[in-house]
Student: 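Structure provided below as structure tokens; questions to follow.
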Amino acid sequence: MNHSYALFDQETQVFHLRNNEISYIIQIEEDGILNHLYFGKAIQHYHGNKHYPRRDRGFSGNVPGNSERAYSKDTLPQEYSSHGSMDYRLPASIIQRENGSNLHDLRYFDYRIESGKPELEGLPQSYVLDKEEATTLIIILKDRDQEIYLELSYTIYHERAVITRSVKAINKTSKRIVLEKIASMQMDLTNNGIYDEVISLPGAHLRERQINREKIHAGVQSFESRRGASSHHMNSFIALVNHDTNELKGPAIGIHLVYSGNHAFELEKDQIDQVRVLAGINDYNFSWELAPEEIFQTPEVILTYSDQGLNGMSGTLHHLLRERVVRGQHQFKERPILVNNWEATYFDFDSKKIEQIVDEAADLGIEMFVLDDGWFGHRDSDNSSLGDWFEYEGKLTNGLKGIADYVHGKGLQFGVWFEPEMISVDSKLYEEHPDYLMQEPDRTPSSSRDQHLLDMGRKKVRRNIEKQICAILDEVPIDYIKWDMNRSLSDIYSIDLPAKRQGETAHRHILGVYELMENLLARYPKILWEGCSGGGGRFDAGFLYYMPQSWPTDNTDAVERLKIQYGTSLAYPISSMTAHVSAVPNHQTGRITSLKTRGDVAMSGVFGYELDLTEMSDEEKVIVKKQVQQYQTIRPLVQFGEFYRLKSPFEGNLTAWMFVSEDKSEALVMMARTLASAQPVFHEVFLTGLEETVCYQDQTTGQEYYGDELMSLGINVPDFYGDFQTTLLHLKKV
Ligand code: GLA
């Protein structure tokens with residue numbers, strides 16, 4: 001085993017995880033309190049000489065069993081805090097015992113170092129291909145009085161600036177205990193002026209993952225979801241940065257929670273300007289009972305550090321998510337250009353209409369047709385049939401199989417839409433199993449989009465849905481599935497659980513969803529899965545473990561998409577982000593943009609169309625055909641190249657980003673200007689990530705530039721005319 005990636009120095013009692021890029025340093029302080037020392041740029045040797053200063057502070061009392069007045073948990077930077085013993089900052093864990101006490105006092109107990117990365121059962125996670133790829137340090141903490149153990153797991157990837165963390169709680173007492181809070185990680189930052197701002201990705205349905213950057217201020221800041229899903233409203237990612245950090249320089253720590261349910265990222269700036277950072281399952285409406293000998297595994301957190309600004313941080317995350325979270329046959333495969341019928345027909349379609357769209361798609365070179373909502377039960381609107389995953393008899397003349405055969409006959413792949421976690425009251429499933437609907441019996445549950453949640457924490461509910469989906473997939477040749485989820489959780493109550501375990505319902509629900517997806521993935525490994533939740537309501541690192549791509553938003557307006565795609569790219573790889581050209585006026589905003597603009601923006605993601613191809617003019621079809629061909633040539637670059645943000649739509653009228661191939665022989669730059677001006681100022685964009693001494697040729701004009709010119713002199717943004725203009729610059733090594 002190569003131990004140089006995780007060291008323990010007996011003398012200084014210091015753990016040091018390190019590779020060529022990063023170091024993470026932890027020290028066992030007096031009385032076994034685990035002290036956070038450092039996370040950042042690699043340090044080859046830490047001599048253990050920098051001790052956290054001590055000072056007697058009023059009202060910050062002392063460590064139980066130690067009356068040293070200058071030693072307090074209230075100020076000491078810790079790796080994982082307990083509740084009580086005079087640490088008044090937000091705790092990482094709260095554990096209730098049978099006597100009603102929720103006090104505990106975690107102290108160092110033991111450690112072990114393992115090659116590779118242990119698997120997290122039943123949860124999404126990052127993985128390794130072999131044991132040489134990573135080293136895991138497990139530090140065991142124990143309550144000072146009780147046989148309650150917490151195993152803090154730290155995996156360092158040898159060749160990536162990434163550490164993953166998670167926690168296991170183990171009850172070795174003879175009584176039941178209840179976890180009321182159990183964060184996946186804590187990191188206490190000293191007041192060194194480095195991380196004084198936090199970036200989060202808040203939003204809404206149709207306005208997901210907007211970049212929000214704010215000062216870390218005194219008191220508590222929290223970024224969380226209580227909706228049962230990672231949510232449109234606050235993504236499960238934050239970054240800690242310096243006020244000077246920009247896209248290209250400065251320190252940045254990125255933190256992903258690999259989880260799709262309620263999450264919380266909590267920051268607390270304390271009395272002496274130190275910042276505690278916590279991330280994990282939201283303790284809102286959460287509790288988990290552990291019988292003697294039972295274990296609870298928290299979701300995983302992915303931590304990255306970069307001194308190359310936000311692009312550096314994003315690059316590491318893009319690689320990790322793409323290469324070590326996404327799985328399956330489509331992981332590195334170029335994704336097909338699809339046409340989806342949702343915005344073309346909504347629920348109103350028949351075989352003839354679908355076949356006409358497919359005919360057009362085939363002529364235009366589109367590679368896949370996706371039949372969206374409305375093919376099952378008796379679904380003609382959004383108020384029925386969820387849970388009835390059998391064909392809508394008569395809606396499609398030769399049934400789903402007939403459409404699949406037709407699509408395949410035209411040389412396209414075929415995909416369909418499912419929303420497996422839901423139930424409509426107007427459904428056969430509800431008629432037969434009203435108890436499958438998640439609610440407190442005899443209390444009227446809230447509906448949303450006229451639909452309700454299935455209690456996926458219950459095995460028989462999952463089995464019922466799984467059986468129905470398998471019946472379709474065994475009968476109809478399907479290449480792709482869009483897995484939707486169109487409401488937030490409410491009426492959180494499970495009839496399978498006793499009164500005092502109701503706090504487990506929401507987490508059990510998402511674990512059930514994970515299990516269902518895992519079963520289907522294993523049974524149908526050839527299918528390409530796309531996540532969706534009213535667009536981007538569950539665009540998170542956890543979902544990527546099951547589905548390599550997701551619909552980032554129901555908003556297909558090219559202008560609003562600039563911000564959504566820009567914000568999403570902060571934390572997620574481009575190969576995970578689908579983007580479709582839709583009709584104008586845009587259905588969500590009413591805005592009219594050119595087909596070129598819509599195409600250029602959508603081509604910066606996993607490309608497709610979502611409009612009625614049969615309604616397009618001949619001129620438009622010529623453009624679409626060219627777009628399809630153009631995307632085919634740039635697809636590997638876009639989906640698997642390095643991505644760099646250059647100009648932020650959150651900061652002005654201009655947006656620019658670029659893709660560079662791994663060998664730097666090719667690049668694609670997208671520039672967009674939102675509003676026109678009669679007296680425009682000239683703008684320049686400085687490219688990045690190129691080879692300085694390589695000569696690149698613009699594939700449209702033939703113009704040549706060296707990499708250093710493009711990066712140092714920059715290029716002029718075209719003198720666009722009119723609103724909502726875009727351009728793509730495709731460069732290739734001469
Ligand atoms: C959600 C999705 C859409 C579409 C509809 C169908 O809103 O995000 O793309 O599939 O459901 O009902």
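Counting starts at 1 for both ligands and their atoms, in listed order. Every value quoted in this text rests on a predicted model; they were computed, and no experiment measured them.
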Student: Quick check on contacts: which atoms of ligand 1 are under 4.0 angstrom from a heavy atom of Cys532?
Tutor: 2 (C), 8 (O)
Student: Heavy-atom pairs closer than 4.0 Å: do any link ligand 1 to the side chain of His580, the backbone, both, or neither?
Tutor: neither
Student: Would Glu367 and Gln632 count as having a side-chain donor-acceptor pair, cut-off 3.5 Å?
Tutor: yes
Student: Do the charged groups of Asp557 and Arg561 touch, with an N to O distance under 4.0 Å?
Tutor: no
Student: Answer yes or no: is there a side-chain heavy-atom contact under 4.5 Å between Met422 and Asn486?
Tutor: no
Student: Run the contact test for Arg449 against ligand 1 with a 4.0 Å cut-off on heavy atoms, strictly below, and give the result.
Tutor: yes
Student: Is the shortest side-chain N to carboxylate O distance from Lys428 to Asp388 below 4.0 Å?
Tutor: no
Student: Just let me know how Asp382 lines up against ligand 1, side chain, backbone, both or neither, with a heavy-atom cut-off below 4.0 Å.
Tutor: neither
Student: Between Ser424 and Asn383, do the side chains contain an N or O donor and an N or O acceptor separated by less than 3.5 Å?
Tutor: no
Student: Looking only at heavy atoms, is any part of Glu419 under 4.0 Å from ligand 1, and if so is it the side chain, the backbone, or both, or is it neither?
Tutor: neither
Student: Any idea which atoms of ligand 1 are less than 4.0 Å away from a heavy-atom of Lys482?
Tutor: 3 (C), 4 (C), 9 (O), 10 (O)
Student: I want to know if ligand 1 touches Glu610 in the polar sense, i.e. an N/O pair below 3.5 angstrom.
Tutor: no
Student: Is there a donor-acceptor pair closer than 3.5 Å between any side-chain N or O of Arg462 and the backbone N or O of Gly457?
Tutor: yes
Student: Within the structure provided, determine whether Ser225 and Ser230 are in side-chain contact (heavy-atom separation under 4.5 Å).
Tutor: no
Student: Answer yes or no: is there an ion pair linking Asp372 with Lys482, defined by an N-O contact shorter than 4.0 Å?
Tutor: yes
Student: Quick one: which ligand 1 atoms are inside 4.0 Å of a heavy atom on Asp373?
Tutor: 6 (C), 12 (O)
Student: Can you tell which part of Asn340 has a heavy atom less than 4.0 Å from ligand 1: side chain, backbone, both or neither?
Tutor: neither
Student: Tell me: protein heavy atom nearest atom 8 (O) of ligand 1, and distance?
Tutor: Asp554 OD1, 2.4 Å
Student: Ignoring angles and geometry beyond distance, decide whether Trp342 reaches within less than 3.5 Å of ligand 1 through its nitrogen or oxygen atoms.
Tutor: no
Student: Which of the numbered atoms in ligand 1 are below 4.0 angstrom from a heavy atom of Gly535?
Tutor: 8 (O)
